[in-house]
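None of the values given here were measured: they were computed from a predicted structure. The analysis underlying the following values was restricted to heavy atoms, covering all of them including side chains, and did not include hydrogens, waters or symmetry mates.
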Amino acid sequence: MMESQKYAIVDLETTGHSPANGDRMIQIAIVIMKDWKIERTYTKFINPGKTIPSFIQDLTHITDEDVKDALPFEAHADYIYELLADCVFVAHNADFDLSFLQAEFKRAGLPKWQGKKMDTVELAKILFPMSLGFKLGDLAADLNIELANAHRADDDALATAELFRYCWRELLNLPQLTLEQMHKRSFRLKSNVSQLFFEALQIKRQHVTGHENVHYYRNFAICNGRNKHENASEPLVYPQTVTEKVALMSKALANFEERPAQFEMMDTIWQALHEQKECVIEASTGIGKTAGYLLPAILYARTVDKKIAISTYTSYLQEQLVEEELPKIEKILGTKVNVCVLKGMQHYIDLERFEQCMAHADESYDETFTILQILVWLTKTETGVLSELNVSGGGQLFLEKIRKIPSDKPSKGFDFYEQALKNSAVADCIVTNHAMVLSDLVRQTPLFTQIDGWIIDEAHQFIQAAMQQDEIAFSYTQWKYIFGQIGTMEETTLFHQFCEAAKKKQRVAMQNLQRLDAQFIRLQRSFDETIQLVIRKIQQQVKGKQVGSKCTLFLEDLSFAKESFVQVSKQTQQWLDLATAITQTFENNIEQLDKNDLYVLSEWQYWIREVKIKIAEWEDIFLSPHEGNSIWLELDLRSVPGSLHVFKKPVNVTPIIEQVLAPLRKEASIVWTSGTLTVPGNERFVTRQLGISDDVEIIKLQAPPAYYAGAKAFIVTDMPDIQHVSQEEYIEAVAHAITRTVRMTEGRCFVLFTAQDMLRKTVELIQESELLDDYMLFAQGVTGGSRMRILKSFQKFSHAVLFGTNSFWEGVDVPGDALASVIVVRLPFSSPEEPVFKARAKHLTALGGNSFTELSLPEAIMRFKQGFGRLIRSSQDKGAFIVLDRRITSKSYGKEFIKALPPIDVRKVQLPELLKELNRWQK
């Protein structure tokens, strides 16, 4: 029998990332594991011979005091070297730890350590592909692994050892077929995890066990434990009185807090559903809005045996509803609720297409890695929704290839999308999103026909969803990317592979392939000439004008002759006709094609579909009537034509929304709800855009004043007037106010901007001043990563500042102590030059309206309300809402912004006075 492998699980804390630049180790921990049991642990502080940077002290809580009596690395080097002998080196991000350690060994005069390494980041990404993040802290939280002090080597090494053991158990839980597929591909990975896959496979083969939760789709295993809901046999009754509601809620929820506004919301919705009415409820933060609509909606569905649909704006909110909020309602009611999440077809995996991609031998590292993640995910997912996967950028390109798309051919095996449709037919409650509801209008077979009641949460975002739904975009780089993917006969690209397969099978005449090739070259030439014409027109338009490198121009301001655009359309159509005819010839007797030919055919058909989509967009933007739409071009003059984008958006979405809702209004009640649905002085601003009749009452539910007891608002009166100074001068004043405020509140601060350019310049100025060098600064559009990733990083540090623009004004939850202040740099008016705003303002003016009072002001007040909503997320929260824009006191419209805030203390102060107030408050 093979001797058990010994593993050394290592974690280092260092003064920085580069030993070559003088960074040194400050702590090392090693856990020795054999037979998946910890044999021993070793941990030491190391004296780096230099001061530990303050942000490293903040991150690791290791101070200069902790290491002052420790020995330098050289004193421990021989012992550590011996300890690692005959071990596999394991670390979370092994490349960093091992290369740093090798550099330290070299400095200590020792030879390079030789051995295999395994990276728990690589392993965890494969085995937990649905995790939100793969940092050690994220995985420890997900898997309930103890990690008391993250970024301390001793705790991190133990947590990594536990994670490694968890990964091993997870491997043993996978079906044999999945392990076989994974082992076959694992040799292409960056660390030696193939050895683990092989050992797990050997054990699996020796102990063949049925995997109760999977069935097989030809070449891989799929989870089989989907949507089993048992309905309660006992009758459910709606709690009519306050006493009944309190009894029901407190029975299931510990520390239940009675909120009269929540009960009022429940009764309003219960009544609206029974009377098939439309109602609008503005429910402020703190009243328990989600439970306020879920409880009456689900009780209604179950007591009258009808179907309810709940629509939200984002996938994140859908998941929050299903994973966090619905279980609470099930607990309250003491019964399972039959819920189905329904998304658009393109959100689901096409299993047939995935199988074809797996059969292709020529994969990149990113493709191999993503296939491994998907193989594991398929044994766990009950939905088949691709957004559950957390993949790299290269992985995203692979996911695009395997999305489900409309097809005339029926699925040959199990299909997740069809399963979701079947589930929705028998569900009590369908959870969907605004885009899905809006696209029901153009679906051949509408999905939302048997629904008795609708709850539209985040109702104000329905307008945004309608705009996005009807948005069409042209991207120069996307077209060139597609051309590059298809290629010519002479290149080693897809068309070359297609020609080789066609010649081998002697299915397509050579002259037809040559004709297609010549047509493709003509199409590319025609496209390039047209784009050059567009660029020349833009350059003529901006010549001599004061524009920055990035410019935005309306299509109507550039007079184009349509012939060039028509020519591209004709050339594309001719290529598509030829390509389709040749493909049909090649497809005859498809059963005679081998796996590789089927893959090439599938890829070829995929890119033909992509060309069809692109030419439809081209014709819609450049050749269709423009009435009711705004069309504009965006580009960076430093990189033309690569940066060229053209967008087309509807100016007024109300008719689109009314068209979608007309059939729903006839058959069902509709409840619109959101934290922000009204604006002081223009109460119907949102509801009119949603096509809601003025006869429908807007019910406003506010949390009690005590909920906001921890909040104060400050208007800083000695800031320069934004309209009377240069941008540079204003940015200097803003940077000064931010740095002073942040130092007084010790970080935990959101700074909200309205423009990316001002955000970037302010952050750069603060960094140059070095006044916040002790703080972690996270800035949207400057710091890498998605909105959620930046937010999670911000929450990890006590001394941190987050700079955000538009998308951070709403929908961001930072609970409790993680946020001490929100600073509003400018009142959130849309830029008058922003294309959609400009087109909407022009449209309003043409109808005799006032674009400032009817569009610009109410939009800004809505965002301002949402900005305040970031600060207080529970009755225990405490925070300062600080406005730096003096217009709130100097302009007549300023009082409308102040009216939009909840009942809190609003004080006008100069900056020194603000700092004293914050200091007193902190203490």
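Between D366 and S392, the closest heavy-atom pair is OD1-OG, 4.0 Å. Contact record, T493 with Q485: CB-O, 4.1 Å, taken as the closest heavy-atom pair. Listed here is the closest heavy atom pair of D138 and F134: OD2-N, 4.1 Å. Taking all atoms of both residues into account, the shortest heavy-atom contact from P175 to A221 is CG-CB, 3.7 Å. Across A668 and Q276, no two heavy atoms sit closer than the pair CA-NE2, 4.0 Å. Across all their heavy atoms, T370 and G395 have their closest contact at OG1-CA, 3.1 Å.
Here the CG atom belonging to L389 is positioned 11.0 Å from the OG atom belonging to S131, to the nearest 0.5 angstrom. Atoms CD1 and SG, on I126 and C167 in that order, are 9.5 Å from each other to the nearest 0.5 Å. The NZ atom of K289 sits 11.0 Å away from atom CD1 of I455, with the distance rounded to the nearest 0.5 Å. Taking CD1 from I281 and CD1 from I269, the interatomic distance works out to 4.0 Å, rounded to the nearest 0.5 Å. Atom-to-atom distance recorded for T312:OG1 and Q318:CD is 4.5 Å, nearest 0.5 angstrom. Put simply, CD on E667 and CG on D452 are 9.5 Å apart, with the number rounded to the nearest 0.5 Å.
Note on ring orientation: taking the six-membered ring where Trp is involved, the planes of Y166 and F128 are perpendicular (angle over 60°, cut-offs 30° and 60°). Classification of the W618-W479 ring pair by plane angle, with boundaries at 30° and 60°, yields tilted. Aromatic ring orientation, F416 versus F414: perpendicular (interplanar angle above 60°, classes split at 30° and 60°). Between H434 and Y313, the ring planes lie tilted relative to each other; the angle falls in the 30° to 60° range.
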- Stepwise, does the salt bridge (Lys or Arg N to Asp or Glu O under 4.0 Å) test hold for R353 with E603? CA-CA 9 Å; R353 179 93 180 108; E603 280 287 285; 2.6 Å; yes
- Starting from the C-alpha separation in whole Å, work towards a yes-or-no answer on side chain to side chain contact (heavy atoms under 4.5 Å, CB included) for L321 and L294. CA-CA 9 Å; L321 258 181; L294 274 178; 3.8 Å; yes
- Query: Between E388 and T381, is a side chain to side chain donor-acceptor pair (under 3.5 Å) present by the stated rule, with each step listed?
  - Reply: CA-CA 8 Å; E388 289 177 353; T381 180; 2.8 Å; yes
- Item | Derivation of the side chain to side chain contact (heavy atoms under 4.5 Å, CB included) call for K343 and T383 | CA-CA 10 Å; K343 296 176 187 256; T383 68; over 6 Å; no
- After noting the C-alpha distance and the side-chain angles of R665 and I692, does the key distance pass the side chain to side chain contact (heavy atoms under 4.5 Å, CB included) rule? CA-CA 10 Å; R665 283 188 166 117; I692 299 168; 3.8 Å; yes
- R302 vs L333, side chain to side chain contact (heavy atoms under 4.5 Å, CB included): CA-CA, chis, key distance, verdict: CA-CA 11 Å; R302 291 290 287 275; L333 298 178; over 6 Å; no
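Residues W575 and I608 form a side-chain contact, since some pair of their non-hydrogen atoms from C-beta on lies under 4.5 Å apart. Side-chain contact between V391 and L386 is absent, with no heavy-atom pair separated by less than 4.5 Å. With a 4.5 Å cut-off on side-chain heavy atoms, F220 and E355 count as touching. Residues W604 and F586 fail the side-chain proximity criterion, which asks for heavy atoms closer than 4.5 Å. Looking at V280 and V686, their side chains never come closer than 4.5 Å, going by heavy atoms from C-beta outward. Counting heavy atoms from C-beta outward, I405 and Y606 have side chains that stay 4.5 Å or more apart. A 4.5 Å side-chain heavy-atom check between I308 and L273 finds at least one atom pair inside the cut-off. Residues I374 and I402 have side chains in contact (heavy-atom distance under 4.5 Å, counting atoms from C-beta outward).
No donor-acceptor distance shorter than 3.5 angstrom exists from the side chain of K404 to the backbone of H347, with no hydrogens or angles considered. Of the possible polar contacts, one joining the S624 side chain to the E619 backbone as a donor-acceptor pair under 3.5 Å is found. Within the 3.5 Å criterion, the main-chain N or O of Q320 finds no donor-acceptor partner in the side chain of E325. In terms of modelled atom types and a separation under 3.5 Å, the side chain of Y293 and the main chain of I456 share no donor-acceptor contact. Looking only at distances, no side-chain donor or acceptor of E471 sits under 3.5 Å from a matching main-chain atom of F647. Side chain of T654 to backbone of Q689: a donor-acceptor contact under 3.5 angstrom is found. Put simply, the side chain of D428 gets close to the backbone of N338: a donor and an acceptor are under 3.5 Å apart. Of the possible donor and acceptor atoms, none in the side chain of K648 sits under 3.5 Å from a partner among the backbone N and O of F474. Listed for the E330 side chain is a donor-acceptor partner under 3.5 Å among the backbone atoms of V337. Side-chain atoms of K307 come within 3.5 Å of backbone N or O of S424 as a donor-acceptor pair.
Ion pairing of E400 with R403 is present here, as a side-chain N (NZ or NE/NH1/NH2) and a carboxylate O approach within less than 4.0 Å. Salt bridge annotation for E367-R188: absent, with no cationic side-chain nitrogen under 4.0 angstrom from a carboxylate oxygen.
Around atom CD of Q450, no more than 12 heavy atoms belonging to other residues, nucleotides or ligands sit under 6.0 Å away. In K401, the NZ atom is crowded: over 12 heavy atoms of neighbouring residues, nucleotides or ligands sit closer than 6.0 Å.
The ring of F462 has its center closer than 6.0 angstrom to the ring center of W672.
Under the side chain to side chain contact (heavy atoms under 4.5 Å, CB included) test applied with R185, the options Q181, M182, H183 reduce to a single match, Q181.
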